[in-house]
Amino acid sequence: MSMPKVSVGGSSGFDVPRHVAIIMDGNGRWAAARGLPRAEGHRRGVEAVRRTVRSAGEIGIDILTLFAFSSENWSRPQSEIRDLLGLLRLYIRNDLAELNSNNVRVRIIGDRETLSPDVKRLLEEAEGLTRRNDGMTLVVAFNYGARQEITRAVRRLAEELSAGRLSSSDITAERLSQFMDAPDLPDPDLIIRTSGEQRLSNFLLWQSAYSELVFVPTFWPDFDRAALEQAIFEYSRRERRFGGLAAAGS
Ligand code: IPE
Ligand code: IPE
Ligand code: MG
């Protein structure tokens, strides 16, 4: 099938998902295919992040969530972890001012408590500086694991219970949602995973209940606006039913 020409957001376009989340995968394989070190794949991955953030803003996506480092990624070699943390620091130092001037609001999800004080401070700085921006929201999932997020939420709920501020009959899905890392944000409409892997790898398990999943073969460093538009096009052809029946006439 030839790739349809897509024009999202414009008059000839179609519905743009409000919240797009991306599992940015395939940096290592991108590098290996070129005989380069994995670190080079990660470095080029940051360039893909820049492109994607810009494109998402242009397309009119409200919320873009990027899975940058998982709770399980600590099991990688120390040298690779150092590279990834170094790139996070570099990205925030180099790009924060521009994100801010583009009216992007930065949010962080994941476990911050176990991060080193300097990384924690940088993440707080990014959130603090952009707090009042009302353009696109960029959510960075760093040291993020969905089971860990749900566990933290349950723990906080249990604390409310034992303090007598809630009773067990107050526990509903909505209430538990309020204890997640970014409770004010809507669930992702579309989750994209690059590199051909077809799994969630502990990403947004609670929030993805009714997300559309699109898996693309592209390795993350090659991801660009055309790939994003193609994924959105695929999304636009899906019929979301949320357990109900298809809308009449659709
Ligand atoms: C994504 O690329 C980056 C992170 C998970 C941090 P990978 O490093 O997972 O690349 P592959 O999957 O080994 O190709
Ligand atoms: C998921 O990719 C995590 C991020 C993209 C940050 P992984 O490469 O860690 O996932 P698995 O190990 O292939 O499932
Ligand atoms: Mg991977």
Side-chain angles (χ1 to χ4, degrees), residues 19-53 55-56 63-92 94-95 106-112 114-116 119-120 122-123 126 138-152 180-182 185 188 190-208 211-224 227-228 231:
H19 182 176
V20 175
I22 308 183
I23 302 172
M24 310 185 287
D25 198 14
N27 293 352
R29 278 164 286 162
W30 181 93
R34 288 160 180 77
L36 297 169
R38 291 179 60 84
E40 185 59 18
H42 294 315
R43 207 183 59 73
R44 293 289 292 265
V46 176
E47 290 172 22
V49 167
R50 291 199 178 99
R51 275 198 301 276
T52 303
V53 171
S55 302
I63 303 152
L64 176 69
T65 296
L66 299 178
F67 199 6
F69 192 88
S70 79
S71 307
E72 289 75 30
N73 286 146
W74 296 107
S75 65
R76 295 190 180 195
Q78 278 304 317
S79 59
E80 179 157 348
I81 293 171
R82 237 188 338 266
D83 291 338
L84 289 165
L85 285 168
L87 284 170
L88 174 79
R89 286 194 189 91
L90 214 61
Y91 176 69
I92 294 181
N94 290 341
D95 289 49
V106 179
R107 303 275 301 264
I108 313 291
I109 57 172
D111 182 8
R112 264 180 243 204
T114 53
L115 294 173
S116 67
V119 173
K120 239 171 99 171
L122 262 184
L123 299 179
L138 171 63
V139 183
V140 180
F142 196 85
N143 193 21
Y144 177 85
R147 286 182 170 178
Q148 290 82 346
E149 179 189 33
I150 295 166
T151 306
R152 278 196 300 280
M180 298 293 161
D181 289 350
L185 299 181
L190 166 62
I191 297 180
I192 302 168
R193 183 171 187 148
T194 60
S195 88
E197 304 297 352
Q198 303 195 3
R199 56 177 171 266
L200 287 173
S201 301
N202 202 15
F203 186 50
L204 300 178
L205 298 182
W206 178 267
Q207 299 86 345
S208 64
S211 303
E212 295 297 328
L213 309 181
V214 171
F215 300 101
V216 303
T218 317
F219 291 140
W220 177 249
D222 288 329
F223 197 80
D224 59 8
L228 178 60

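In each ligand, atom 1 is the first atom listed, and ligand 1 is the first ligand listed.
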Student: Using a 4.0 Å heavy-atom cut-off, which part of Phe203 comes near ligand 2: side chain, backbone, both, or neither?
Tutor: neither

Student: Under 3.5 Å, is there a donor-acceptor pair between the side chain of Arg29 and the main chain of Ser195?
Tutor: yes

Student: So, Asn202 versus Gln148: side-chain donor-acceptor pair below 3.5 Å or not?
Tutor: yes

Student: With heavy atoms of Arg199 as the reference, note each atom of ligand 2 found under 4.0 Å away.
Tutor: 11 (P), 13 (O), 14 (O)

Student: So, does Arg51 use its side chain to make a donor-acceptor pair with the main chain of Phe223 at under 3.5 Å?
Tutor: yes

Student: Counting each atom of ligand 2 from 1 as listed, which ones have a heavy atom of Phe69 under 4.0 Å away?
Tutor: 6 (C)

Student: May I ask you to identify the nearest protein heavy atom to atom 10 (O) of ligand 2, giving residue, atom name and distance to one decimal place in Å?
Tutor: Arg193 NH2, 3.2 Å

Student: I'd like to know whether Asn143 forms a side-chain contact (heavy atoms from CB on, under 4.5 Å) with Trp74, so could you lay out the CA-CA distance, the side-chain angles of the two residues, the decisive distance to 0.1 Å, and finally the verdict.
Tutor: CA-CA 9 Å; Asn143 193 21; Trp74 296 107; 2.8 Å; yes

Student: Does the N or O separation between Arg76 and ligand 2 drop below 3.5 Å for any pair?
Tutor: yes

Student: Can you tell me if Arg89 has over 12 outside heavy atoms packed within less than 6.0 Å of its CZ?
Tutor: yes

Student: Considering the heavy atoms of Arg38, write down every atom of ligand 1 situated less than 4.0 Å from one of them.
Tutor: 7 (P), 8 (O), 10 (O), 13 (O)

Student: Are any of the N or O atoms of Gly28 closer than 3.5 Å to those of ligand 1?
Tutor: yes

Student: Could you check whether Glu149 pairs with Arg152 (Lys NZ or Arg NE/NH1/NH2 to Asp/Glu carboxylate O, under 4.0 Å)?
Tutor: no

Student: Please identify which atoms of ligand 1 are closer than 4.0 Å to at least one heavy atom of Arg29.
Tutor: 11 (P), 12 (O), 14 (O)

Student: To the nearest 0.1 Å, how far is atom 2 (O) of ligand 1 from its closest protein heavy atom, and which atom is that?
Tutor: Asn27 N, 3.2 Å

Student: Is there at least one protein heavy-atom neighbour under 4.0 Å from atom 8 (O) of ligand 2?
Tutor: yes

Student: After noting the C-alpha distance and the side-chain angles of Ile109 and Leu204, does the key distance pass the side-chain contact (heavy atoms from CB on, under 4.5 Å) rule?
Tutor: CA-CA 10 Å; Ile109 57 172; Leu204 300 178; 4.1 Å; yes

Student: Examine all N, O or S atoms of Glu197, backbone included, and report whether one is under 2.8 Å from the Mg ion (ligand 3).
Tutor: no

Student: Which residue owns the protein heavy atom closest to atom 5 (C) of ligand 2, what's the atom, and how far is it?
Tutor: Met24 O, 3.3 Å

Student: Heavy-atom contact check, 4.0 Å cutoff: does His42 meet ligand 1?
Tutor: yes

Student: Does even one non-hydrogen atom of Ser195 get within less than 4.0 Å of ligand 1?
Tutor: no

Student: Examine Trp30 against ligand 1 and note whether any of their N/O atoms are separated by less than 3.5 Å.
Tutor: no

Student: Could you see which bit of Ala68 sits under 4.0 Å from ligand 2, with heavy atoms only: side chain, backbone, both or neither?
Tutor: backbone

Student: Which heavy atom of the protein is the closest neighbour of atom 14 (O) of ligand 2, given with residue, atom name and distance?
Tutor: Ser201 OG, 2.6 Å

Student: For Asn73 and ligand 2, does the shortest N/O to N/O distance drop below 3.5 Å?
Tutor: yes

Student: If we only count heavy atoms from C-beta on, is the Phe69 to Leu85 side-chain gap below 4.5 Å?
Tutor: no

Student: Could you walk me through whether Arg44 and Glu47 pass salt bridge (Lys or Arg N to Asp or Glu O under 4.0 Å), step by step?
Tutor: CA-CA 5 Å; Arg44 293 289 292 265; Glu47 290 172 22; 3.7 Å; yes

Student: Check the angle between the aromatic planes of Phe67 and Tyr144 and answer parallel, tilted or perpendicular using the 30° and 60° thresholds.
Tutor: perpendicular

Student: To the nearest 0.5 angstrom, please state how far the OG1 atom of Thr65 sits from the CZ atom of Phe203.
Tutor: 6.0 Å

Student: Considering only the protein, which heavy-atom contact is closest to atom 3 (C) of ligand 2, and what is its distance?
Tutor: Phe67 CE2, 3.6 Å

Student: Which atom, among the N/O/S set of Asp25, is closest to the Mg ion (ligand 3)?
Tutor: OD1

Student: I need the single residue from Val20, Val139, Leu138, Ile23 that forms a side chain to side chain contact (heavy atoms under 4.5 Å, CB included) with Leu66. Which is it?
Tutor: Leu138

